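Here is the structure we will look at.
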Amino acid sequence: MTKLIAKIISIVFNPLLMPTYGLLILLNSDTYFAMLPFQAKKVIFIIVFITTCLLPLAFLPLFMYQNLLKSFEMETIKERIVPFATIGILYFIGYLIMYQMDIPSTLANILLAGTITIFIALLITLKWKISAHMAGIGALTGAILAFSYILETNFIIFLLGAIFIAGLLGTSRLILKHHTPTQIYAGFGLGLTVLVLTFVFF
């Protein structure tokens, strides 16, 4: 795998896109969520995409202007603190909006779990550089497992796809030399564990 391909994989499976991917899987699955009115799906998609992807990305140039970041890669531990905290707050705002709108908890918990994952990653980041990309794909994998259990629906194709992507993404991060194997495994484990536990307890 060349560095260019590794970089493309890292962009396509950026952790900020994982809640949107999880939502799209759920809304297009063989469950009652697929039967929601188009207007309802559109509103939910807009809330998730804006609060978990669009707004976080919009803040990054501001952080670079203020010299809080040198690049979007956030290569050092210090560079990650403010962006992680900001992203976590935006995720939580998205969750609160969905909660206030009485959107089913299976959907809202995607953002709640994302919020918890980000803030735990932030605490870890104060001492050690964990892989946010792998936490993202680990969270998506955990969400698919939770969907399978809660909705009693076969998500095996999506699950196998997520595991395959996790392998590609982990390899890409190693090729780009952004993380060590331990940071890769820890990130995946964090995302997977938090998502499953969030759906179990909430």
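Worth saying up front: this structure is predicted, and the values here are computed from it rather than measured. Quick note: residue numbers are just sequence positions, from 1.
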Response to the item:
Note: T106 and I110 closest approach over all heavy atoms is O-CG1, 3.7 Å
Worksheet entry | Residue pair M101, V43: steps toward the side chain to side chain contact (heavy atoms under 4.5 Å, CB included) verdict | CA-CA 10 Å; M101 293 176 66; V43 170; 3.7 Å; yes
Worksheet, complete the sentence: Rounding to 0.5 Å, atoms CZ (R173) and NE2 (H179) come to a distance of 5.0 Å
Worksheet entry | Crowding at CD1, I157 (>12 non-hydrogen neighbours, <6.0 Å) | no
Worksheet item: To the nearest 0.5 Å, what is the distance between CZ (R80) and NZ (K129)?
Response: 5.0 Å
Worksheet item: Looking only at heavy atoms, what is the nearest atom pair of L169 and S10, with distance?
Response: CD1-CA, 3.9 Å
Discussion item. So which atom in T198 and which in N109 form the shortest heavy-atom distance, rounded to 0.1 Å?
Written reply: CG2-O, 4.2 Å
Worksheet, complete the sentence: CG of L174 to OG1 of T180, rounded to nearest 0.5 Å, is 8.0 Å
Practice prompt. Decide yes or no on side chain to side chain contact (heavy atoms under 4.5 Å, CB included) for F33 and L151, but give the supporting numbers first.
Written response: CA-CA 10 Å; F33 288 109; L151 302 173; 3.9 Å; yes
Practice prompt. Could you pull out the closest heavy-atom pair between P19 and L111, with the gap in Å?
Written response: CB-CD2, 4.1 Å
Discussion item. With a 4.5 Å cut-off on side-chain heavy atoms, are L27 and L36 touching?
Written reply: yes
Fill in: Rounded distance (nearest 0.5 Å) linking atom OG1 of T20 with atom CG of L54
9.5 Å
Worksheet item: Hey, is the main chain of M35 close enough, under 3.5 Å, to the side chain of K41 for a donor-acceptor pair?
Response: no
Discussion item. If you count heavy atoms of other groups shown closer than 6.0 angstrom to CD of E152, is the number above 12?
Written reply: no
Discussion item. Hydrophobic clustering (ILVMFWY, side-chain heavy atoms < 4.5 Å, transitive) - are F38 and L107 grouped together?
Written reply: no
Worksheet item: Cluster question for you: counting only ILVMFWY and a side-chain heavy-atom cut-off of under 4.5 Å, with indirect links fine, are L17 and I163 together?
Response: yes
Item to complete: Please say whether more than 12 non-hydrogen atoms of neighbouring residues, nucleotides or ligands are located less than 6.0 Å from CZ in F63.
Response: yes
Fill in: Heavy-atom side-chain proximity of Y21 to V12 below 4.5 angstrom
yes
Discussion item. Check the orientation of F155 and F147. Use parallel for under 30°, tilted for 30 to 60°, and perpendicular for over 60°.
Written reply: tilted
Worksheet item: Given the rule that I, L, V, M, F, W and Y join up when any side-chain heavy atoms are under 4.5 Å apart, are F59 and I81 in one cluster?
Response: yes
Worksheet item: Do I137 and L176 belong together in a cluster built from hydrophobic side chains that touch within less than 4.5 Å?
Response: no
Item to complete: Mark yes when over 12 heavy atoms from residues, nucleotides or ligands other than F119 sit less than 6.0 Å from its CZ; otherwise mark no.
Response: yes
Discussion item. Are I130 and L126 connected into the same hydrophobic cluster when the rule is that any two of I, L, V, M, F, W, Y join if their side-chain heavy atoms are below 4.5 Å apart?
Written reply: yes
Practice prompt. Drop me the distance from I150's CD1 to L145's CG, to the nearest 0.5 angstrom.
Written response: 10.5 Å
Worksheet entry | Atom pair CG/CG of L197 and L192 - distance to nearest 0.5 Å | 9.0 Å
Discussion item. Measuring only between side-chain heavy atoms, which start at C-beta, is I25 closer than 4.5 Å to L140?
Written reply: yes
Fill in: Least distance between heavy atoms, I144 atom then A162 atom
CD1-CB, 3.9 Å
Worksheet item: Looking only at heavy atoms, which two atoms of Y91 and P15 are closest? And how far apart?
Response: OH-O, 3.8 Å
Worksheet item: How far apart are the C-alpha atoms of T141 and F188, what are their side-chain angles, what is the distance that settles it, and do they pass the side chain to side chain contact (heavy atoms under 4.5 Å, CB included) test?
Response: CA-CA 9 Å; T141 305; F188 184 83; 3.8 Å; yes
Discussion item. Set out, in order, the CA-CA distance, both residues' side-chain angles and the distance that settles side chain to side chain contact (heavy atoms under 4.5 Å, CB included) for M98 and L112, then state yes or no.
Written reply: CA-CA 10 Å; M98 295 178 76; L112 176 60; over 6 Å; no
Worksheet item: Between F49 and F45, how do the two ring planes meet: parallel, tilted or perpendicular, split at 30° and 60°?
Response: parallel
Discussion item. Measuring only between side-chain heavy atoms, which start at C-beta, is T86 closer than 4.5 Å to P56?
Written reply: no
